[in-house]
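One-based numbering, in listed order, for ligands and for the atoms of each.
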Amino acid sequence: MTSIDTLLTRDGEAESCTPELAMPTWTFDPAPGYGPGASMGDVIPVGSPRQGQLPEEYRSASAEELDQRIRAVKQRLGDRAVVLGHYYQRDEIVEHADFIGDSYQLANAALTKPDAEAIFFCGVHFMAETADILTRDDQAVILPNLAAGCSMADMADIDSVTECWEQLEELYGTETDERGRMPILPVTYMNCSAALKGFVGERGGIVCTSSNASTVLEWAFERGQRVLFFPDQHLGRNTAKRMGVPLERMPMWNPRLPLGGNSPQELLDAQVLLWHGFCSVHRRFTVEQIEKARAEYPGVRVLVHPECPMPVVDAADEIGSTDFIRRAVASATEPTTFAIGTEINLVNRLAAEFPQHRIFCLDPVICPCSTMYRIHPGYLAWVMEAFERGEVLNRITVEESVAEPARLALERMLAALPQG
Ligand code: 13P
Ligand code: SF4
């Protein structure tokens with residue numbers, strides 16, 4: 001069973017970024033609730049399930065028992081069920097997954113199993129919502145632990161974004177320019193609630209992921225004089241900077257301040273307005289860590305995720321999504337040293353999968369994504385066995401009034417990408 005002491009780094013240091021993560025699972029995750037990082041700002045539809053305490057039989061089961069129970073129920077369910085696992089999940093979950101991938105690949109993976117009645121989504125809340133938006137109504141998307149959210153997604157809620165938009169419309173007006181471009185267009189990172197994807201869809205905007213952000217921004221610049229990018233300031237800044245947008249034309253919007261903390265002129269001059277959001281996992285990476293890796297391992301290839309702060313991205317050799325990082329490692333033909341700036345479960349798995357390379361996490365302190373970590377095998381066994389008995393637990397449902405515009409924003413992203 002993965003606990004902090006088994007998530008060892010190259011130096012065997014067992015320090016963790018959050019002391020709570022080193023607690024036994026059921027001490028760390030005891031209370032019923034829609035937990036931290038679980039899109040707390042979303043309006044949860046009346047009657048939708050909230051995470052209750054996991055029944056004792058699953059909390060007291062050994063790792064081996066849970067493993068066997070998941071294997072057995074999965075076999076009995078056959079094609080009726082599909083299990084999806086994000087790259088950042090623990091190994092004990094990933095080994096039961098029919099598909100492993102990044103958030104976008106997993107949303108698409110759900111579509112490749114049209115006969116599946118249940119999609120057990122081992123990832124976080126916004127990913128399960130996206131899968132529900134893209135799949136048929138008679139397919140149930142199930143999030144094994146409802147407290148598995150994304151703290152970055154929670155940093156932009158529908159009310160604050162709506163308020164920001166109203167202030168911007170007042171400043172910019174709504175008239176298009178001579179090229180037919182709107183004064184401002186919203187672009188959201190996939191890591192946000194369905195409500196925000198719907199908000200974007202209704203206003204002519206578009207969704208992006210970390211693998212297609214520059215293509216999507218190009219699309220947006222053709223249709224808008226400016227872009228409001230949320231929730232991740234780092235992905236927005238790193239991508240726009242590489243496309244040639246000067247930093248002084250990328251002010252940040254702080255939702256707690258009037259005009260986001262900017263003067264009207266700064267907003268008029270802006271090309272990309274960055275929401276004040278970030279990922280607590282990727283924010284930990286530093287330029288000093290890169291310098292240390294280069295000093296210790298001359299020739300090291302430094303790969304980082306674009307959710308890292310700009311100085312880190314600028315100091316790295318390559319930047320890309322979780323899937324990009326995986327492909328970069330997999331395609332190296334010569335034994336190589338890789339220092340990687342992304343979540344520890346993925347880095348450790350790459351190190352185990354490609355022993356011909358030296359692979360380590362840039363951050364020597366173990367910091368898993370604490371909400372991804374909430375998908376413990378006990379929860380997966382619980383929801384799968386319940387489904388077999390005819391009980392659909394932890395279903396994630398996006399109301400059609402939200403799903404329809406959200407789907408539009410996702411479809412615009414698909415149409416903007418190079419085909420083939
Ligand atoms: P991907 O879209 O690459 O899966 O990233 C999701 C995420 O949460 C990264 O922190
Ligand atoms: Fe959210 Fe960061 Fe976790 Fe990704 S790694 S799910 S962005 S908190």
### Task
Decide salt bridge (Lys or Arg N to Asp or Glu O under 4.0 Å) for R69 and E65; before the verdict, give the C-alpha distance in whole Å, the side-chain angles of both, and the deciding distance to 0.1 Å.
CA-CA 6 Å; R69 285 174 76 156; E65 182 188 338; 2.9 Å; yes

Within a distance under 4.0 Å of any heavy atom of [X], pick out the atoms of ligand 1 and give their elements.
| X | answer |
| --- | --- |
| S103 | 1 (P), 2 (O), 4 (O) |
| D102 | 1 (P), 3 (O), 4 (O) |
| H282 | 10 (O) |
| S210 | 2 (O), 3 (O) |
| H86 | 1 (P), 4 (O), 6 (C) |

### Task
For atom 9 (C) of ligand 1, grab the closest protein heavy atom and report residue, atom and distance to one decimal in Å.
E307 OE2, 3.1 Å

### Task
If you have a sec, work out which protein heavy atom is nearest atom 3 (O) of ligand 1 and how many Å separate them, to one decimal?
T322 OG1, 2.7 Å

## Note on the structure
So the atoms of ligand 2 within less than 4.0 Å of a heavy atom of C369 turn out to be 3 (Fe), 5 (S), 6 (S), 8 (S)

#### Entry: Atoms in ligand 2 flagged as close to N191, the criterion being non-hydrogen separation under 4.0 Å
7 (S)

Closest non-hydrogen atom pair, [X] against [Y]:
| X | Y | result |
| --- | --- | --- |
| A194 | E129 | N-OE1, 2.7 Å |
| F126 | S103 | CE1-CB, 4.3 Å |
| C279 | E307 | CB-OE1, 3.3 Å |

### Message
Looking at ligand 2, is there an atom of it that comes within less than 4.0 Å of some heavy atom belonging to H86?
### Response
no

### Task
Check whether any heavy atom of S151 sits under 4.0 Å from an atom of ligand 2.
yes

Any side-chain donor paired with an acceptor under 3.5 Å for [X] and [Y]?
| X | Y | value |
| --- | --- | --- |
| Q89 | N345 | no |
| D132 | Q139 | no |
| Y104 | S321 | no |

### Task
Could you tell me whether atom 2 (Fe) of ligand 2 has an N, O or S atom of C279 under 2.8 Å away?
yes

### Message
For R326, is there an ion pair with E353 - N to carboxylate O distance below 4.0 angstrom?
### Response
yes

### Message
V312 and side-chain contact (heavy atoms from CB on, under 4.5 Å): which single residue from I319, I290, V302 fits?
### Response
I290

### Message
Testing D363, I340, L362 one by one against V347 for a side-chain contact (heavy atoms from CB on, under 4.5 Å), which residue passes?
### Response
I340

#### Entry: N191-ligand 1 polar pair, N/O distance under 3.5 Å
yes

### Message
Any heavy atom of Y87 closer to ligand 1 than 4.0 angstrom?
### Response
no

### Query
For H305, is the nearest heavy atom under 4.0 Å from an atom of ligand 1?
yes

### Query
For ligand 2, is any non-hydrogen atom under 4.0 Å from D232's backbone (N, CA, C, O), its side chain (CB onward), both, or neither?
neither

### Task
Would you kindly specify which portion of E307 sits under 4.0 Å from ligand 2, judged on non-hydrogen atoms: side chain, backbone, both or neither?
side chain

### Message
Can you confirm if the aromatic rings of H357 and F338 lie within a centre distance of less than 6.0 Å?
### Response
yes

### Query
Within C150, is some N, O or S atom less than 2.8 Å away from atom 1 (Fe) of ligand 2?
yes

